[in-house]
2 protein chains.
Amino acid sequence: MRPAEAHEAGLLMAVELRASQALKLWHAVHLALVRDDVHDLTVRQITILTTIYLEPPPHTVRGLAARLGVTKPVITRALNTMGAMGLVTRRRDEADRRNVIIQRTVEGALYLDRLADLVVEKAAELPR
Amino acid sequence: MRPAEAHEAGLLMAVELRASQALKLWHAVHLALVRDDVHDLTVRQITILTTIYLEPPPHTVRGLAARLGVTKPVITRALNTMGAMGLVTRRRDEADRRNVIIQRTVEGALYLDRLADLVVEKAAELPR
DNA sequence: CGCTTTCATTTCGGGTCCGTTATATTCCGG
DNA sequence: CCGGAATATAACGGACCCGAAATGAAAGCG
């Protein structure tokens with residue numbers, strides 16, 4: 001094998017390993033979520049939730065819709081669902097009463113803490 | 001970065017995740033999935049798909065249902081949906097015609113390759 | 001052979017999510 | 001102060017998912 005070929009093979013092997021590990025991680029976490037029956041959030045909902053908790057406030061319906069590239073009713077409905085679960089709350093923006101400010105809750109923070117711990121746990125269990 | 005370093009980094013990415021990094025990774029990947037309008041799979045569907053592609057065959061409806069801890073109709077319906085998307089195929093087990101063998105497809109493998117690459121990409125962008 | 005078991009699917013009623021469209025409220029500029 | 005713009009939500013219809021129960025098809029077994 002020429003050096004260039006070895007170099008290529010080395011890179012590809014490394015990339016494949018990374019991708020393989022990533023996919024195993026994705027599988028392990030999702031399997032745990034399904035088996036533990038802890039998850040009924042859609043991809044959009046989990047995206048909204050993590051956006052609220054990780055990106056700087058304030059968060060509005062319009063802002064979240066733009067950030068995610070979805071329509072506003074998607075945000076409103078997701079907030080209805082996750083609000084009923086206690087994961088987020090809403091309040092009117094008194095400065096501009098057309099706006100709704102989405103806020104975090106203790107329960108929502110705990111939910112994401114558990115999710116993060118699950119990802120860490122499954123990452124640690126990955127075969128080397 | 002030398003290939004060996006890339007290899008190490010790939011492993012460390014999975015092993016050394018901290019909770020805050022794990023949550024940021026989860027957020028970044030989901031945000032990309034939503035923004036890029038990738039086929040919207042449920043948590044159960046993505047779990048079924050990765051199970052088919054990562055765990056040793058053969059895969060049957062009954063086996064997948066037991067592995068995931070869900071009812072068989074959940075598997076049948078998910079296979080209908082993902083089959084229509086071309087991500088998996090089904091065939092009768094000729095040895096025992098009651099069984100259905102679930103098989104991988106090129107399209108399904110490409111889908112998971114892209115997903116894995118996305119996870120790797122977002123992991124690489126994480127703050128250290 | 002019949003009877004039972006096993007496996008997968010279909011059916012059923014209820015629920016949620018989606019995009020589109022329509023509505024209500026609030027702000028703002030002339 | 002008033003008509004238009006902006007914001008969020010509600011209403012509508014179609015699609016999908018769910019669990020439980022019913023159905024269909026094949027194998028096992030006495």
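In what follows, chains are A, B, ... by sequence order, proteins preceding strands, each numbered from 1.
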Participant: So, the side chain of B:Asp36 versus the backbone of B:Val38: is there a donor-acceptor pair under 3.5 Å, distance only?
Facilitator: no
Participant: Can you confirm whether A:Trp26 sits close enough to B:Val29 that some side-chain heavy atom of one is under 4.5 Å from a side-chain heavy atom of the other?
Facilitator: yes
Participant: Please check if any side-chain donor atom of B:His27 sits under 3.5 Å from a side-chain acceptor atom of A:Thr50, or the reverse.
Facilitator: yes
Participant: Please report the closest heavy-atom contact between B:Thr60 and B:Ile101, naming both atoms and the distance.
Facilitator: CG2-CD1, 4.3 Å
Participant: Report yes if the side chains of B:His59 and B:Ile48 come closer than 4.5 Å at any heavy-atom pair, otherwise no.
Facilitator: no
Participant: Begin with the C-alpha distance, continue with both residues' side-chain angles, and end with the deciding distance and a verdict on side-chain hydrogen bond (donor to acceptor under 3.5 Å, both in side chains) for B:Arg91 and B:Asn99.
Facilitator: CA-CA 9 Å; B:Arg91 69 168 172 81; B:Asn99 289 329; over 6 Å; no
Participant: Quick one: B:His59 NE2 to C:dC7 P, roughly how many Å, whole number?
Facilitator: 17 Å
Participant: Using the C1' atoms of five pairs at each end, what's the angle between the two axes of the helix from C:dC1-D:dG30 to C:dG30-D:dC1, to 10 degrees?
Facilitator: 0°
Participant: To the nearest 0.5 Å, how far apart are CD1 in A:Ile52 and OG1 in A:Thr89?
Facilitator: 9.0 Å
Participant: Measuring to OP1 and OP2 of C:dC17, would you say a side-chain N or O of A:Thr42 lies under 4.0 angstrom away?
Facilitator: no
Participant: Using atom CG of A:Leu68 as one end and atom P of C:dG19 as the other, report the distance to the nearest whole Å.
Facilitator: 11 Å
Participant: Taking OP1 and OP2 of C:dC17, is either one under 4.0 Å from a side-chain nitrogen or oxygen of A:Gln45?
Facilitator: yes
Participant: Would you say the side-chain atoms of A:Arg44 pair up with the backbone N or O of A:Ala78, donor to acceptor, closer than 3.5 Å?
Facilitator: no
Participant: Give me the atom names and distance for the closest heavy-atom approach of A:Gly86 to A:Glu107.
Facilitator: O-CB, 3.5 Å
Participant: Under 4.0 Å between any heavy atoms, over every strand shown, what does B:Val74 touch: base, sugar-phosphate, or nothing? Just pick one.
Facilitator: sugar-phosphate
Participant: Rounding to an integer number of Å, can you tell me how far A:Leu41 CG sits from C:dC18 P?
Facilitator: 11 Å
Participant: For every nucleotide of nucleotides 7-13 of chain D, 5' to 3': is a protein heavy atom under 4.0 Å from its base (B), only from its sugar-phosphate (S), or from neither (-)?
Facilitator: BBBBB--
Participant: Quickly work out the B:Leu64 CG to C:dA8 P distance and round it to whole Å.
Facilitator: 9 Å
Participant: Provide, to the nearest angstrom, the distance between the CD1 atom belonging to B:Ile46 and the P atom belonging to D:dC17.
Facilitator: 14 Å
Participant: Nearest-Å distance, CD (A:Glu94) to P (C:dT25)?
Facilitator: 16 Å
